[in-house]
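Computed from a predicted model, the values in this text were never measured in an experiment.
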Amino acid sequence: MSASALSPTTSSSTAATESTTAAARPRIVIAGAGPAAQALVRHLTRTPFAGAITVLSNRDDAPEELLELAALPQVSVRFGQPASYIDAQDRHVTTADGMEFAYDQLVIATGSAPADTPMEGASRCLSYATIDDAARLGNAVKDVTRVLGRRPLGILVGTGSAAGQAEAVLRARGVRPVRTTVRPAAVVPTPAGSVLPASGIVFEDGSSMNGDLVVLAEERIARDGLAATAGLTTAPGGGIVIGQDFRTSVPGIWAIGDAAAYDGVRLGLLVASGSAASVCASQLLQATMGRPLTAAA
């Protein structure tokens, strides 16, 4: 009931009670709205957590998965309001537009970004950046195999852990990829009307490689710029340093997803977002309510 609907004799006392109740509710703010943040919100809302959850998204659009979370009674999603500054002492976050959000616990889930600018035609490729991409890559290979009626010839572009994991996924699906560490200049599209996404790659010197699918597993950089505003410890190769409980070096601040690094490795390459969110949610509930999480059936 709104304050205007209250009678004059009860409005001030009731409003004060509501204000006190709201202030007593634990507040969790999540900076970021990607897969890790979404998984964390879903886990928290399936538990006895009765506080408020605010998600600060850098996206101006409203994808369906975020709208579903925003419809939950204890969740507020602020679209187009990326976090830009953290006051760790007073526990509030300021967005790029100057809005301030107080928190009891803050979770940084700002993800990662490609280290290089996208190559021409990159949208036609399959991608592998985190463990969460393994299932999508496997399903895509299955679809291509069904269309071709044979095992596809795959081209894998990338170096490092992500490329190694992508190669393992492809081999497990019966694909022996041709791997290149030289970055192509462009991706060759398939003929018009084809259901296959790409047919090969072209290099700067004019040479090319042809195949049935192209997988990009290039290096990514953790979006950890927010860490500097709060004095958080970061890994030499990027990423906010966390422990096994997802806590950072500053009390009350946590990190999850590709913005975090454990033992110097991007978290997205170590654990699926759903598994990480489950553990992080349990730790958050203990921190805010003083008792372990019991998931709803």
Decide if atom CD of E120 counts as having more than 12 heavy atoms of other residues, nucleotides or ligands within a radius under 6.0 Å.
-> no
Quiz item: Take atom CZ in R176; do more than 12 heavy atoms of anything else shown fall under 6.0 Å from it?
Solution: no
Under a 4.5 Å cut-off applied to non-hydrogen side-chain atoms, are [X] and [Y] in contact?
{"X": "E100", "Y": "V93", "answer": "no"}
{"X": "L284", "Y": "F49", "answer": "no"}
{"X": "F246", "Y": "L267", "answer": "yes"}
{"X": "E65", "Y": "P63", "answer": "yes"}
{"X": "L126", "Y": "L216", "answer": "no"}
{"X": "T180", "Y": "M209", "answer": "yes"}
{"X": "L137", "Y": "V215", "answer": "yes"}
{"X": "R136", "Y": "Y128", "answer": "no"}

Look up atom [atom1] in [X] and atom [atom2] in [Y], then write down how far apart they are to the nearest 0.5 Å.
{"X": "R25", "Y": "T288", "atom1": "CZ", "atom2": "OG1", "result": "12.0 Å"}
{"X": "M119", "Y": "C125", "atom1": "CE", "atom2": "SG", "result": "6.5 Å"}
{"X": "I108", "Y": "L56", "atom1": "CD1", "atom2": "CG", "result": "11.0 Å"}
{"X": "T45", "Y": "L69", "atom1": "OG1", "atom2": "CG", "result": "7.0 Å"}

Identify the heavy atoms of [X] and [Y] that sit nearest to each other, and give their distance.
{"X": "A109", "Y": "I30", "value": "CB-CG2, 4.3 Å"}
{"X": "T110", "Y": "A259", "value": "OG1-CB, 3.4 Å"}
{"X": "G164", "Y": "R179", "value": "N-NH2, 3.9 Å"}
{"X": "P177", "Y": "E167", "value": "CG-CG, 3.9 Å"}
{"X": "A134", "Y": "R173", "value": "O-NH2, 4.1 Å"}
{"X": "A198", "Y": "V187", "value": "CB-CG1, 3.5 Å"}

Hydrophobic cluster membership, with links at side-chain heavy-atom distances under 4.5 Å among I/L/V/M/F/W/Y: are [X] and [Y] in one?
{"X": "L40", "Y": "Y262", "result": "yes"}
{"X": "L285", "Y": "I253", "result": "no"}
{"X": "L72", "Y": "V107", "result": "yes"}
{"X": "Y103", "Y": "I256", "result": "no"}
{"X": "V157", "Y": "V202", "result": "no"}

Please tell me whether [X] and [Y] have a donor and an acceptor in their side chains that are separated by less than 3.5 angstrom.
{"X": "Q283", "Y": "W254", "value": "no"}
{"X": "R78", "Y": "S76", "value": "yes"}
{"X": "D97", "Y": "T95", "value": "no"}

Salt bridge (Lys or Arg N to Asp or Glu O under 4.0 Å) pairs touching residues 247-262, sequence neighbours excluded, are D245-R247, D258-R266
The complete set of salt bridge (Lys or Arg N to Asp or Glu O under 4.0 Å) pairs with one or both residues in residues 213-238, sequence neighbours excluded, reads R183-E218
Derivation and outcome, side-chain contact (heavy atoms from CB on, under 4.5 Å), residues I28 and D104: CA-CA 6 Å; I28 294 177; D104 295 296; over 6 Å; no
Given the options D143, L148, V141, T145 meets side chain to side chain contact (heavy atoms under 4.5 Å, CB included) only with V141
Donor-acceptor contacts under 3.5 Å from residues 228-241 side chains, at least two apart:
{"from": "T229", "atom 1": "OG1", "to": "I86", "atom 2": "N", "distance (Å)": "3.1"}
{"from": "T229", "atom 1": "OG1", "to": "L226", "atom 2": "O", "distance (Å)": "2.7"}
{"from": "T233", "atom 1": "OG1", "to": "S249", "atom 2": "OG", "distance (Å)": "3.2"}

Residue pairs passing the side chain to side chain donor-acceptor pair (under 3.5 Å) test with at least one member in residues 148-164, sequence neighbours excluded, are R150-D212
The complete set of side chain to side chain donor-acceptor pair (under 3.5 Å) pairs with one or both residues in residues 82-91, sequence neighbours excluded, reads none
(request) Show your working on side-chain contact (heavy atoms from CB on, under 4.5 Å) between Q244 and V279 and close with a plain yes or no. (result) CA-CA 9 Å; Q244 292 184 347; V279 177; over 6 Å; no
Report yes or no: does [X] contribute a side-chain atom to a donor-acceptor pair with the main-chain N or O of [Y] at less than 3.5 Å?
{"X": "S278", "Y": "G274", "value": "no"}
{"X": "T47", "Y": "L44", "value": "yes"}
{"X": "Q38", "Y": "A33", "value": "yes"}
{"X": "D132", "Y": "A272", "value": "no"}

*asked:* Assess the residue pair V178 and L156 against the criterion (side-chain contact (heavy atoms from CB on, under 4.5 Å)); give the C-alpha distance rounded to whole Å, side-chain angles, the decisive distance to 0.1 Å, and a yes or no.
replied: CA-CA 6 Å; V178 179; L156 175 59; over 6 Å; no
*V182 and F203: CA distance, side-chain angles, deciding distance, side-chain contact (heavy atoms from CB on, under 4.5 Å) verdict*: CA-CA 8 Å; V182 178; F203 298 96; 3.8 Å; yes
Residues passing the salt bridge (charged side-chain N to carboxylate O under 4.0 Å, His left out) test with R42, sequence neighbours excluded, are none
